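What you are looking at is a predicted structure, and each value in this text was computed from that prediction instead of being measured.
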Amino acid sequence: MKSRKRFLILLLIIAFFIAGILFLGQNNPQFITNEQIKGPDAPVNQSVSAEDLNLNLDKSRVLMSQDGNSMLILKEIDERTSSLTTTTYSLTLNNSKGEILKVIEENNIINSNFIDNNFIAYQIIGDNAGIYRYDMLNNTKLLIQETSDTEAFKYFAFLNSDEYLRIQPRTGQVGLVKISIGADFPLGEKVIPTLGSYSSTSAYSWPAASPDSKYITLLDSAGENGTELIVTFTGNQNINKQYLNIPIGNFPSQLASNDAPISWSSDSKILILGYFGIAVNLEDKSIIYNAGSNTFGMKLSPDNTLLLVNKTEAPTIESFDNKQAYNLPPYISDFGWLSNKYAILVIGQNLYLYNISNSELTKVIEDIADFQIVHTDGNGNAVIKKDSTLLKVTTI
């Protein structure tokens, strides 16, 4: 009797497991089956070349400078050789071919990025914990903020190599720091209201500055209408003197700690909130595009006329005036713009180009691999991570 009872319980567990899988497949459009991993059939594009740089980037992250001349490689440290519980990396500065120019730090790195084409910011934990600025031209580093908070990077935004916006994660205090004179100008503060707790958390996060350093943006998770985007001018001495306030709903749960939810057009006139599906014209304060919910990012074309919108069920390329719309294949995991003519897409384990002029989908190469778009310059050049190496993709 007991064995029969165990058997029935086992059958119920199996039934619930199968039902769960079916539920995910029907209700989560990002649930990918074996057929979808293959990606659509398409010919190889003969108008692009893909050069393999033959690098060993196993367990590594790669970042490119805006001009495409330098890259940062963060290589994961073997946890057996590290006393830290957080995943840490070594950090090297490399040229565009991946050749090492400088070992910046051998260990304890948790995050890094380019400030501009000549300066880098990175964070160390453990001994000498803090955020550092590295001068690529003079090979010098400077501790600009002592912190052991592992998420501190999302509370920093550089306006240029000498000025940055910082938020205190606990007090919510916002300040503008000028490194050369050692000055920290307070701009305001706000915390998330809590009941029955002695600790507090900043309501502000994800500071960002426009390319021309004219605007500063912050996400306010304790706004009157849920999460709100605050836009203000760089010269304001009070963060509450807002130029624009945009309700954007709930914060996206899929946003990783090293993702940036805010991006800009190169002329600083259009603000893109990719994970919220919103594009804003900052000159007249108008929302010029709203994709609604279920958006997994948006990217603006190099000429600022088209938006590639990775909607959950039906990715599209659309113009702001709604006169142009192109339907893309589903299950896009990464995307960008190779040029105004070509969108570059990762679908399943294939790398594709989508031609705007004739709606043709082609493969960059025939290989099946894990692809990740590292950098595109909008002029026909891209750097793609393929498994543990890099490809340089160029239009011929």
Within the distance-only criterion (no hydrogens, no angle test), does the side chain of [X] pair as donor or acceptor with the backbone N or O of [Y] below 3.5 angstrom?
X: K386; Y: D367; value: no
X: R133; Y: I144; value: no
X: T295; Y: F276; value: no
X: T92; Y: V103; value: no
X: S221; Y: A203; value: yes
X: T234; Y: S213; value: yes
X: D334; Y: I373; value: yes
X: N45; Y: T362; value: no
X: S65; Y: S70; value: yes
X: Q372; Y: D370; value: no

* Asked: Should F371 and L391 be marked as a side chain to side chain contact (heavy atoms under 4.5 Å, CB included) after you check the CA-CA gap, both sets of side-chain angles, and the distance that decides it?
  -> CA-CA 10 Å; F371 293 101; L391 297 179; 4.2 Å; yes
If you look at every heavy atom in [X] and [Y], which pair is closest and at what distance?
X: P211; Y: S265; answer: CG-O, 3.7 Å
X: K363; Y: E366; answer: NZ-OE2, 3.2 Å
X: A279; Y: M298; answer: N-CE, 4.1 Å
X: P330; Y: I347; answer: O-CG2, 3.6 Å
X: Y132; Y: I124; answer: CE1-CD1, 4.0 Å
X: S268; Y: L282; answer: O-CD1, 3.8 Å

* To do: Test side chain to side chain contact (heavy atoms under 4.5 Å, CB included) on K341 and S357 and set out the steps.
  => CA-CA 7 Å; K341 179 181 179 180; S357 60; 4.2 Å; yes
Any [X] side-chain heavy atom under 4.5 Å of [Y] side chain:
X: K392; Y: N381; value: no
X: L176; Y: L159; value: yes
X: T232; Y: L187; value: no
X: I248; Y: I278; value: yes
X: L308; Y: L345; value: yes
X: R61; Y: E76; value: no
X: N340; Y: T305; value: no
X: W264; Y: D212; value: no

* Under 30°, 30 to 60°, or over 60°: which ring-plane class applies to Y243 and Y215, parallel, tilted or perpendicular? -> tilted
* Asked: V174 and side chain to side chain contact (heavy atoms under 4.5 Å, CB included): which partner among I230, N238, L165, I216?
  -> L165
* Residue among N139, I109, L72 satisfying side chain to side chain contact (heavy atoms under 4.5 Å, CB included) with I104 -> L72
Can you measure from [atom1] ([X]) to [atom2] ([Y]) and round to the nearest 0.5 angstrom?
X: M71; Y: N69; atom1: CE; atom2: CG; answer: 10.5 Å
X: E51; Y: L390; atom1: CD; atom2: CG; answer: 10.5 Å
X: F320; Y: L307; atom1: CZ; atom2: CG; answer: 4.0 Å
X: E318; Y: Y326; atom1: CD; atom2: OH; answer: 11.0 Å
X: L328; Y: Y354; atom1: CG; atom2: OH; answer: 6.0 Å
X: L91; Y: S112; atom1: CG; atom2: OG; answer: 4.5 Å

Do [X] and [Y] belong together in a cluster built from hydrophobic side chains that touch within less than 4.5 Å?
X: Y164; Y: I115; value: yes
X: L93; Y: L74; value: yes
X: W337; Y: Y352; value: yes
X: L244; Y: L229; value: yes
X: L306; Y: Y342; value: no

* Walk me through it: do I384 and I344 pass the test side chain to side chain contact (heavy atoms under 4.5 Å, CB included)? => CA-CA 10 Å; I384 310 294; I344 188 165; 3.9 Å; yes
* Cation-pi check, K178 onto F185 ring (under 6.0 Å, within 45° of axis) -> no
* **Residues V48, L338; criterion side chain to side chain contact (heavy atoms under 4.5 Å, CB included); working and verdict** => CA-CA 10 Å; V48 294; L338 186 64; 4.3 Å; yes
* Passes ring pair (Phe, Tyr, Trp, His ring centres under 6.0 Å), F119 versus Y134? Steps please. -> CA-CA 6 Å; F119 286 88; Y134 181 80; 8.9 Å; no
* Quick one: salt bridge (charged side-chain N to carboxylate O under 4.0 Å, His left out) partners of D135, sequence neighbours excluded? -> none
* To do: Check step by step if side-chain hydrogen bond (donor to acceptor under 3.5 Å, both in side chains) holds for D149 and T147.
  => CA-CA 6 Å; D149 190 320; T147 178; 5.5 Å; no
* **NZ/K285: more than 12 non-hydrogen atoms of other groups inside 6.0 Å** => yes
* For D267, look at atom CG and say whether over 12 heavy atoms of other residues, nucleotides or ligands are found less than 6.0 Å away. => yes
